[in-house]
Amino acid sequence: QAQLAESGGGLVQPGGSLRLSCTASGFSLGYYAVGWFRQVSGKERDRVSCISGSDSTYYADSVKGRFTISRDNAKNTVYLQMDSLRPEDTAVYYCAFEGTSCSGLFAVVDRHEYDDYWGQGTQVTVSS
(Lines give C-alpha, C1' and ligand atoms only; values in the text may rest on other atoms or scores of the structure.)
Protein backbone atom coordinates (compact mmCIF):
# COMPACT_ATOMS: atom_id res chain seq x y z
CA GLN A 1 0.00 0.00 0.00
CA ALA A 2 1.37 3.41 -0.98
CA GLN A 3 1.92 5.61 2.01
CA LEU A 4 4.09 8.39 3.39
CA ALA A 5 5.66 8.65 6.83
CA GLU A 6 6.82 11.90 8.43
CA SER A 7 9.68 12.09 10.92
CA GLY A 8 12.27 14.45 12.33
CA GLY A 9 10.19 16.73 14.50
CA GLY A 10 11.07 17.72 18.03
CA LEU A 11 11.59 20.53 20.49
CA VAL A 12 13.97 23.28 19.42
CA GLN A 13 14.80 26.76 20.69
CA PRO A 14 13.96 29.84 18.63
CA GLY A 15 16.60 30.34 15.97
CA GLY A 16 17.35 26.64 15.83
CA SER A 17 17.03 24.12 13.00
CA LEU A 18 15.31 20.84 12.25
CA ARG A 19 15.16 18.61 9.19
CA LEU A 20 11.92 16.80 8.54
CA SER A 21 11.74 13.67 6.38
CA CYS A 22 8.84 12.37 4.32
CA THR A 23 9.59 8.78 3.29
CA ALA A 24 7.50 6.80 0.84
CA SER A 25 6.80 3.10 1.00
CA GLY A 26 5.09 0.93 -1.56
CA PHE A 27 5.84 3.22 -4.50
CA SER A 28 8.51 5.52 -5.96
CA LEU A 29 8.16 9.14 -4.94
CA GLY A 30 10.53 10.43 -7.59
CA TYR A 31 8.21 12.10 -10.14
CA TYR A 32 5.38 13.14 -7.85
CA ALA A 33 4.63 16.57 -6.44
CA VAL A 34 5.21 16.36 -2.70
CA GLY A 35 4.08 19.03 -0.28
CA TRP A 36 4.57 19.87 3.37
CA PHE A 37 1.65 21.20 5.36
CA ARG A 38 1.27 22.17 9.00
CA GLN A 39 -1.61 22.33 11.39
CA VAL A 40 -2.11 23.91 14.78
CA SER A 41 -4.80 22.33 16.90
CA GLY A 42 -8.19 23.82 16.10
CA LYS A 43 -7.03 25.52 12.92
CA GLU A 44 -6.97 24.64 9.24
CA ARG A 45 -4.04 22.81 7.72
CA ASP A 46 -1.77 25.32 5.95
CA ARG A 47 0.55 24.95 2.99
CA VAL A 48 4.23 25.26 3.85
CA SER A 49 6.24 24.09 0.86
CA CYS A 50 6.06 21.87 -2.20
CA ILE A 51 8.41 20.32 -4.74
CA SER A 52 6.98 19.39 -8.12
CA GLY A 53 7.79 16.37 -10.24
CA SER A 54 10.21 18.57 -12.19
CA ASP A 55 11.74 19.88 -8.94
CA SER A 56 10.32 23.38 -9.06
CA THR A 57 9.58 24.62 -5.57
CA TYR A 58 6.96 26.60 -3.68
CA TYR A 59 7.23 28.24 -0.28
CA ALA A 60 4.64 30.02 1.81
CA ASP A 61 5.57 33.63 2.43
CA SER A 62 5.95 32.94 6.13
CA VAL A 63 8.80 30.45 5.55
CA LYS A 64 10.58 31.88 2.49
CA GLY A 65 14.29 32.24 3.08
CA ARG A 66 14.17 29.99 6.16
CA PHE A 67 12.90 26.60 4.89
CA THR A 68 14.29 24.51 2.03
CA ILE A 69 12.58 21.55 0.40
CA SER A 70 14.54 18.87 -1.45
CA ARG A 71 14.22 15.28 -2.54
CA ASP A 72 16.56 12.26 -2.53
CA ASN A 73 15.14 9.72 -4.98
CA ALA A 74 17.67 7.07 -3.92
CA LYS A 75 16.19 7.22 -0.42
CA ASN A 76 12.64 7.75 -1.66
CA THR A 77 12.44 10.73 0.66
CA VAL A 78 11.55 14.42 0.54
CA TYR A 79 13.14 16.67 3.15
CA LEU A 80 12.17 19.98 4.70
CA GLN A 81 15.16 21.79 6.15
CA MET A 82 13.88 24.35 8.64
CA ASP A 83 16.27 27.05 9.83
CA SER A 84 15.81 30.17 11.93
CA LEU A 85 12.79 28.59 13.55
CA ARG A 86 10.25 30.78 15.29
CA PRO A 87 7.64 30.01 17.94
CA GLU A 88 4.94 30.52 15.30
CA ASP A 89 6.37 27.56 13.35
CA THR A 90 5.10 25.29 16.13
CA ALA A 91 2.65 22.80 14.60
CA VAL A 92 2.19 19.23 13.48
CA TYR A 93 3.80 18.87 10.06
CA TYR A 94 2.39 16.54 7.41
CA CYS A 95 3.42 15.58 3.90
CA ALA A 96 1.25 14.63 0.95
CA PHE A 97 1.69 13.70 -2.70
CA GLU A 98 -0.43 13.96 -5.81
CA GLY A 99 0.33 14.12 -9.53
CA THR A 100 3.29 16.11 -10.74
CA SER A 101 2.34 19.74 -10.07
CA CYS A 102 2.15 21.63 -6.79
CA SER A 103 -0.97 23.46 -7.96
CA GLY A 104 -2.65 20.11 -8.53
CA LEU A 105 -1.62 18.85 -5.10
CA PHE A 106 -2.92 22.02 -3.42
CA ALA A 107 -6.23 21.75 -5.27
CA VAL A 108 -6.71 18.17 -4.04
CA VAL A 109 -5.93 19.18 -0.46
CA ASP A 110 -8.14 22.28 -0.61
CA ARG A 111 -11.09 20.18 -1.83
CA HIS A 112 -10.49 17.82 1.12
CA GLU A 113 -9.93 14.93 -1.26
CA TYR A 114 -6.79 13.96 0.67
CA ASP A 115 -8.54 13.82 4.05
CA ASP A 116 -8.50 10.02 4.28
CA TYR A 117 -4.80 9.74 3.43
CA TRP A 118 -2.96 11.99 5.87
CA GLY A 119 -0.33 10.28 7.99
CA GLN A 120 0.41 10.78 11.67
CA GLY A 121 2.52 13.86 11.08
CA THR A 122 5.48 14.97 13.15
CA GLN A 123 5.29 17.53 15.96
CA VAL A 124 7.55 20.58 15.79
CA THR A 125 7.72 22.73 18.90
CA VAL A 126 9.75 25.94 18.93
CA SER A 127 10.11 27.25 22.44
CA SER A 128 12.72 28.51 24.87
Any side-chain heavy-atom pair of P87 and S127 under 4.5 Å: no
Partners passing salt bridge (Lys or Arg N to Asp or Glu O under 4.0 Å) against R66 (at least two apart in sequence or in another chain): D89
Spatial distance of atom CZ (R38) from atom CE (M82) [nearest 0.5 Å]: 8.5 Å
Cut-off 3.5 Å, no hydrogens considered: what does the side-chain donor-acceptor table look like for residues 49-60, sequence neighbours left out?
from	atom 1	to	atom 2	distance (Å)
S49	OG	Y58	O	2.9
S52	OG	S54	N	3.2
S52	OG	S54	OG	3.1
S52	OG	D55	N	3.3
S52	OG	S56	N	3.0
S52	OG	S56	OG	2.7
D55	OD1	R71	NE	2.9
Y59	OH	I69	N	2.9

Residue pairs involving residues 110-127 (criterion salt bridge (charged side-chain N to carboxylate O under 4.0 Å, His left out); sequence neighbours excluded): R47-D110, R111-E113
L80 side, atom CG; F37 side, atom CZ - distance, nearest 0.5 Å: 11.5 Å
Heavy-atom pair with the smallest gap, counting every atom of Q120 and V92: O-CG1, 4.1 Å
Set of side-chain hydrogen bond (donor to acceptor under 3.5 Å, both in side chains) partners for Y94, sequence neighbours left out: none
Flag, side chain of T90 to backbone of V126, donor-acceptor distance under 3.5 Å: yes
All side-chain hydrogen bond (donor to acceptor under 3.5 Å, both in side chains) counterparts of S84, not counting sequence neighbours: none
Using atom types as modelled, flag every donor-acceptor pair under 3.5 Å from a side chain in residues 19-32 to any protein atom, sequence neighbours excluded.
from	atom 1	to	atom 2	distance (Å)
T23	OG1	T77	OG1	3.0

Could you pull out every donor-acceptor pair under 3.5 Å between side chains of residues 4-12 and any protein atom, sequence neighbours left out?
from	atom 1	to	atom 2	distance (Å)
E6	OE1	G121	N	3.1
E6	OE2	C95	N	3.0

Pairs under 3.5 angstrom only: tabulate donor-acceptor contacts from the side chains of residues 96-106 to other protein residues two or more places apart or in another chain.
from	atom 1	to	atom 2	distance (Å)
S101	OG	S103	OG	3.4
S101	OG	G104	N	3.0

Spacing of OG belonging to S70 relative to CD belonging to Q81, to within rounding of 0.5 Å: 8.0 Å
side-chain hydrogen bond (donor to acceptor under 3.5 Å, both in side chains) involving K43 - partner list, sequence neighbours excluded: none
Partners meeting side-chain hydrogen bond (donor to acceptor under 3.5 Å, both in side chains) with Q39 (sequence neighbours left out): none
Point-to-point distance, once rounded to the nearest 0.5 Å, from NE2 of H112 to CZ of R45: 9.5 Å
Joint hydrophobic cluster, F67 plus L18, side-chain heavy atoms closer than 4.5 Å: yes
